[in-house]
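Structure record follows, encoded as structure tokens.
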Amino acid sequence: MEDYPPEVRSAPLLLCGLVGATQIHGQLTKVLHESAMKEWGNTRVKYLSFSYDMRIPPCKRGGKDAPGYRIGGILKRRWLEKVCNLVPAVLVVCFDWTEDLQPSPPEEAQAVTQLQHAQRQARDRELRILVLVIVHANAAEPEAMCSSLRQQLEGTTGTLVVVKGMHDLAARAQKVERSVYTSAMGFYAEEEKRHRKVWNPRPANVPQWALTAMQVRVLVKIGFLSEFRKDTRGALNSYTKAYDQLRTCTDIADVVERMALCNLISYRMYQRYFTSHDVATAVFHCRVHTQTLRGCSDDDGALAWRKWRWLSANHQLFGEMLENTAQAMPVLMNEADMWQFPGFHFKLAATYARRLKQWAREVAGGRLPPAALAGGELVPAVFLGQSEWLERPEECSDDPSVEVALRNAHSQAAEVVCSQQCLQLLTRAQACYKERDYTAGALACSALIAEEYLEVGNMFAATKLYERLRRSRAEDESGQQGRWPEWVGLRCFALERAILCGCRVLGLESLPSICTRHLA
């Protein structure tokens, strides 16, 4: 699933940063996770580890309201990374005072300074703060020991939790985990409200396409933030609106960026639908997305490789999700609907991967013009889904985007090696067909597997499969001639291919005419 950013391959978790006293972070994280598992059956928060001198990435807000603001793309790659891995919703500032019964005055003053630094980092992004102080197990007045820290939190929404030793921490872990969870949920709810503030009314010099692009950006961000709060309905509502605009509004971005975002949104929608046990609606969206991808470009141009790769990845992803659902809750599956059958999607994924190989052979044969190699090196784009940029686009006599597309196409054609992937997908499809006792589908998969072996030069495996295909089931099982229940055409094709394999093993240059009827 390398076509999808790692941040979208699983549902996002609330993010919390543990600040300072790093020696206890491992044990603290374990205790908090165990508390969540005991009460809720799963972990609800992802914990990051920071030192006292940590730096939160600065907040950049209000740029879209600045005069002359120009939309360079829809969603920055950096945004997903920040919201999932870098910027926590809550900072838990930890102080480990377990060594002494009473911390020294310099130690208390240093703790106040460290807390003030964490508050400054949290202020810009309006992060929540919780202060956790672990004092000596025999401390007489633990609350009084933390008076300076409590005073520092006055007038803020910060919370102070004092525990006596690690044993007391385990006992009060449930309270700490709940406090972190509640604060994080509030933070992401406020983030959603902030992102909803788009141009209203629209500035005079902003064209309609720019307003639509901004709306798509807002909808994708709101949908993703809704997933943090487990708001499935809100997330799907935002994702659906964003997807529809990306499909229909072709002027907001080029086809590569729009389809890449459609892939990202579809991944999240599939997971939300399957988590909600709504298989039928997931299948409906898969049909819509497949139709969208099939119409995104022609079959032979410089962007065709993206089309075949996207289609293959989409069907493989959906087949795996169907397979997992069928194993966990088979009652949800409708066996009368082929689109709810994992083998159908694995076979289609292999078919599109084979089409990608065919396109690569055509490019190697001169179907596309060579790239001019002008404009310098390719530079990765800032926005998700956008093609790379040229270092010096002014050097190109033609459209720089055409040069980038040709470079990517020739590079992809040289790197395409899909035989192993096709074999794996076809093997999985064949296993699914056999499990359902779909004889015709299993035979078709066997024929395609044999074709893959023939293409890579594995004549022994190819011959073995073709020989099996050209015989009837009765011949295979009893050695006697029986009624041939499958396709006569497939049996003839297998015989021709078996002869072809024998001729190649023998090194015959002149092939019988019967062996050349189906050669590509």
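All values below come from the heavy atoms of this structure, side chains included, with hydrogens, waters and symmetry mates left out. Keep in mind that what you see is a predicted model, and the values were worked out from it rather than measured.
Remark: Lys38 does not engage Glu34 in a salt bridge, criterion side-chain N to carboxylate O under 4.0 Å. Between Arg194 and Glu126 there is no salt bridge, since no side-chain N of the basic residue sits under 4.0 Å from a carboxylate O of the acidic one.
Listed by first and then second residue, the salt bridge (Lys or Arg N to Asp or Glu O under 4.0 Å) pairs that reach into residues 74-93 are Arg78-Glu81, sequence neighbours excluded.
Remark: Asp53 engages Ser51 in a side-chain hydrogen bond (donor to acceptor under 3.5 Å, both in side chains) (not counting sequence neighbours). Shown here are the salt bridge (Lys or Arg N to Asp or Glu O under 4.0 Å) partners of Lys347, two or more places apart in sequence or in another chain: there are none. Listed by chain and number, the residues in a ring-ring contact (aromatic ring centres under 6.0 Å, His included) with Phe383 amount to none (sequence neighbours excluded). For His33, the ring-ring contact (aromatic ring centres under 6.0 Å, His included) partners at least two apart in sequence or on another chain are Tyr47. Residues that satisfy the side-chain hydrogen bond (donor to acceptor under 3.5 Å, both in side chains) test with Asp399, not counting sequence neighbours, are Ser401. A search for side chain to side chain contact (heavy atoms under 4.5 Å, CB included) contacts involving Arg120 returns Gln116, His117, Arg123, not counting sequence neighbours. Shown here are the ring-ring contact (aromatic ring centres under 6.0 Å, His included) partners of His289, two or more places apart in sequence or in another chain: Tyr243. A search for side chain to side chain contact (heavy atoms under 4.5 Å, CB included) contacts involving Ala242 returns Val216, Leu219, Val220, Ile265, not counting sequence neighbours. Judged as a ring-ring contact (aromatic ring centres under 6.0 Å, His included), and not counting sequence neighbours, Tyr273 has no contacts. Thr281 meets the side-chain hydrogen bond (donor to acceptor under 3.5 Å, both in side chains) test with Asp278; sequence neighbours excluded. Shown here are the salt bridge (Lys or Arg N to Asp or Glu O under 4.0 Å) partners of Arg268, two or more places apart in sequence or in another chain: Glu227.
A 4.5 Å side-chain heavy-atom check between Leu322 and Val279 finds at least one atom pair inside the cut-off. In this structure the side chain of Thr290 reaches within 4.5 angstrom of the side chain of His315, judged on heavy atoms. Looking at heavy atoms from C-beta onward, Leu384 lies out of side-chain contact with Ile74 at the 4.5 angstrom threshold.
Listed for the Thr182 side chain is no donor-acceptor partner under 3.5 Å among the backbone atoms of Ser179. Checked by atom type and distance alone, the side chain of Arg125 pairs as donor or acceptor with a backbone atom of Pro57 at under 3.5 Å. Remark: the backbone N or O of Ile56 is paired with a side-chain donor or acceptor of Gln121 at under 3.5 angstrom. Looking at Arg44, its side chain never comes within 3.5 Å of a backbone N or O of Leu13 through a donor-acceptor pair. Looking at Lys307, its side chain does come within 3.5 Å of a backbone N or O of Arg294 through a donor-acceptor pair. The backbone N or O of Trp308 lies less than 3.5 Å from no partner atom in the side chain of Ser312, so there is not a single donor-acceptor pair. Side chain of Arg354 to main chain of Cys422: no donor-acceptor pair is present (N/O by atom type, distance under 3.5 Å, no hydrogens or angles).
Side-chain rings of Tyr52 and Phe95 approach one another, their centers coming within less than 6.0 Å.
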Quiz prompt | Pair Asn408-Glu388, side-chain hydrogen bond (donor to acceptor under 3.5 Å, both in side chains): steps then yes or no | solution = CA-CA 9 Å; Asn408 285 329; Glu388 298 90 339; 3.1 Å; yes
Practice problem: Show the numbers, then the answer: is there a ring pair (Phe, Tyr, Trp, His ring centres under 6.0 Å) between Phe318 and Phe274? | Solution: CA-CA 10 Å; Phe318 199 74; Phe274 280 110; 5.5 Å; yes
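The side-chain contact (heavy atoms from CB on, under 4.5 Å) with Val404 is formed by just one residue from the set Leu390, Val256, Val379; it is Leu390.
Atom CD1 of residue Ile129 and atom CG of residue Leu153 lie 7.5 Å apart, to the nearest 0.5 angstrom. The distance from the SG atom of Cys262 to the CG atom of Leu246 is 4.5 Å, given to the nearest 0.5 Å. Here CG of Leu423 is found 11.5 Å from SG of Cys445. Values are rounded to the nearest 0.5 Å.
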